[in-house]
Amino acid sequence: MSRNKTILLLSIGIIICGGIFYGYQMYNAPVATLKNVKSDITIQASDLLKLYKENESTANTAYLDKIIAVTGEIDKVESQDGISIYLKTEDPLSQVICQLDNSYTQIDYSSGDNITIKGLCTGYLMDVILVNSTIIN
Amino acid sequence: MKSVLFILILIASHNLQAQKYFTRTGNIVFSSHAPMEEIEAVNNKATSIFDVQTGAIEWAVLIKAFEFKKALMQTHFNENYMESSKMPKATFKGKIENISTLNLEKDGDYQVNVSGKLTIHGVTREVQTTATFTVKDKQVSAVSELRVLVADYKIEIPKLVRDNIAKEVQINIIAQYEVLS
């Protein structure tokens with residue numbers, strides 16, 4: 001076998017192995033954190049809930065699947081199945097719930113603190129729910 | 001006179017009993033066991049409400065709030081199969097058939113039959129299942145399991161990944177209920 005043919009076969013082999021490795025990595029990649037992702041929208045928790053309560057369909061068009069930076073006062077911090085921060089709104093029965101990403105095991109915030117959180121908006125049930133969230137400040 | 005007073009106290013205490021229970025942290029796990037792959041997604045923010053008097057029970061869950069271990073699976077689940085931008089919720093509206101067997105004043109496990117309408121991917125179908133309610137120190141929790149055929153809800157799986165996704169998926173439900181005040 002000529003030297004050139006060997007180099008060619010080796011190169012093809014390396015490219016194929018690289019492609020398989022890249023594909024495998026892509027297939028198994030975990031959900032990425034939003035820490036370094038710029039938010040699409042910045043809004044107050046009360047305003048976000050109000051817009052959803054006024055017209056859920058219109059609000060979904062504007063906010064669903066968007067990365068939102070939401071600011072508000074913490075109503076409570078829940079540590080069940082990961083950490084979730086409940087932000088107060090003008091409606092005592094409904095909040096904006098921000099479920100933090102798995103990198104958070106504990107936080108130094110508590111009820112009454114003001115906070116800005118960035119998360120993926122998944123829609124509205126009793127509350128507006130953001131997942132994979134990260135604390136901005 | 002004494003008997004009238006007794007009846008009034010009985011009525012008053014009955015009215016004081018909680019009638020509705022709810023949760024906004026219901027846990028729903030969706031699992032697919034296929035020959036090529038095990039898939040699991042978790043949602044910890046489902047809402048549910050049930051009425052002790054009538055047995056009416058409802059569940060709602062946001063599809064985009066299901067979290068997968070693999071990002072690609074989460075993307076395919078939302079964009080290709082569930083079309084969650086168009087149909088962001090799944091709901092269940094039904095009834096606990098034998099609600100009278102559930103005694104929330106007494107600790108214990110109570111198995112109940114549940115039937116109703118399950119809406120996934122914009123398709124509504126009648127389903128039946130069982131659930132176990134547990135009462136312990138006035139805390140009420142419930143667990144249940146459903147098995148649904150993907151095809152019943154018009155969820156199309158491409159030929160290429162048919163061995164990776166089960167035709168029948170399992171849905172496990174856990175709820176810690178609170179009194180709706």
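Keep in mind that what you see is a predicted model, and the values were worked out from it rather than measured. Below, read A as the first sequence line, B as the second, and so on, with proteins coming before strands; counting in each chain starts at 1.
Within the 4.5 angstrom heavy-atom criterion, only side-chain atoms of B:N27, from C-beta onward, approach chain A. With a 4.5 angstrom heavy-atom cutoff, A:S84 touches chain B only via side-chain atoms. When heavy atoms are compared at a cutoff of 4.5 Å, A:D127 approaches chain B solely by way of its side chain, counted from C-beta outward. Heavy atoms of B:S84 lying under 4.5 Å from chain A belong exclusively to its backbone. For B:V42, no part sits under 4.5 Å from any heavy atom of chain A, backbone or side chain. Interface remark: A:D81 contributes backbone and side-chain atoms alike to the contact with chain B (heavy atom separation under 4.5 Å).
Within 6.0 Å of CD in B:E168 there are more than 12 heavy atoms belonging to other residues, nucleotides or ligands. Shown here is B:E145, whose CD atom has more than 12 heavy atoms of other residues, nucleotides or ligands within 6.0 Å. Atom CD of A:E54 has more than 12 heavy atoms from other residues, nucleotides or ligands within 6.0 Å. Other residues, nucleotides and ligands place no more than 12 heavy atoms under 6.0 Å from the CZ atom of B:R125. Annotation: B:L160, atom CG; neighbour count of heavy atoms from other residues, nucleotides and ligands within 6.0 Å does not exceed 12. In this structure, B:K70 places its NZ atom where more than 12 heavy-atom neighbours from other residues, nucleotides or ligands lie under 6.0 Å away. Around the CD atom of B:E38, the shell of radius 6.0 Å holds more than 12 heavy atoms that belong to other residues, nucleotides or ligands. The environment of NZ in B:K117 is sparse: at most 12 heavy-atom neighbours from other residues, nucleotides or ligands sit within 6.0 Å.
There is a path of hydrophobic side-chain contacts, each under 4.5 Å, that joins B:I28 to B:F92. In the hydrophobic clustering of ILVMFWY residues, with side-chain heavy atoms under 4.5 Å counting as a link, B:V112 and B:I99 come out together. Under the 4.5 Å side-chain heavy-atom criterion for grouping Ile, Leu, Val, Met, Phe, Trp and Tyr, B:I120 is connected to B:V123 within one hydrophobic cluster.
A pairwise comparison of heavy atoms in A:P30 and B:A71 identifies O-CB, 3.6 Å as the closest pair. For the pair A:I97 and B:R24, the tightest heavy-atom approach, listed with the atom from each and the gap, is CD1-CD, 4.3 Å.
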Assess whether salt bridge (charged side-chain N to carboxylate O under 4.0 Å, His left out) is satisfied between A:E56 and B:K89, documenting all intermediate values. CA-CA 12 Å; A:E56 188 179 348; B:K89 292 177 190 176; 2.7 Å; yes

Steps toward side-chain contact (heavy atoms from CB on, under 4.5 Å) verdict (B:K64, A:V131): CA-CA 9 Å; B:K64 284 187 187 291; A:V131 298; over 6 Å; no

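There is a side-chain donor-acceptor pair under 3.5 Å between B:E67 and A:Q99. Counted by atom type alone, B:K45 and A:T122 present zero donor-acceptor pairs between their side chains at under 3.5 Å.
Taking CG of A:L130 as the start and CG of B:L62 as the end, the distance is 10.5 Å to the nearest 0.5 Å. One finds the CG atom of A:D65 at 5.0 Å from the OG atom of B:S85 (value rounded to the nearest 0.5 Å). Considering CG of A:L93 and CZ of B:F22, their distance stands at 8.0 Å, rounded to 0.5 Å.
The residue among B:N78, B:I63, B:L72 with the most heavy atom pairs within less than 4.5 Å of chain A is B:L72.
Contact check for B:T25 versus A:Q80: side-chain heavy atoms found under the 4.5 Å cut-off.
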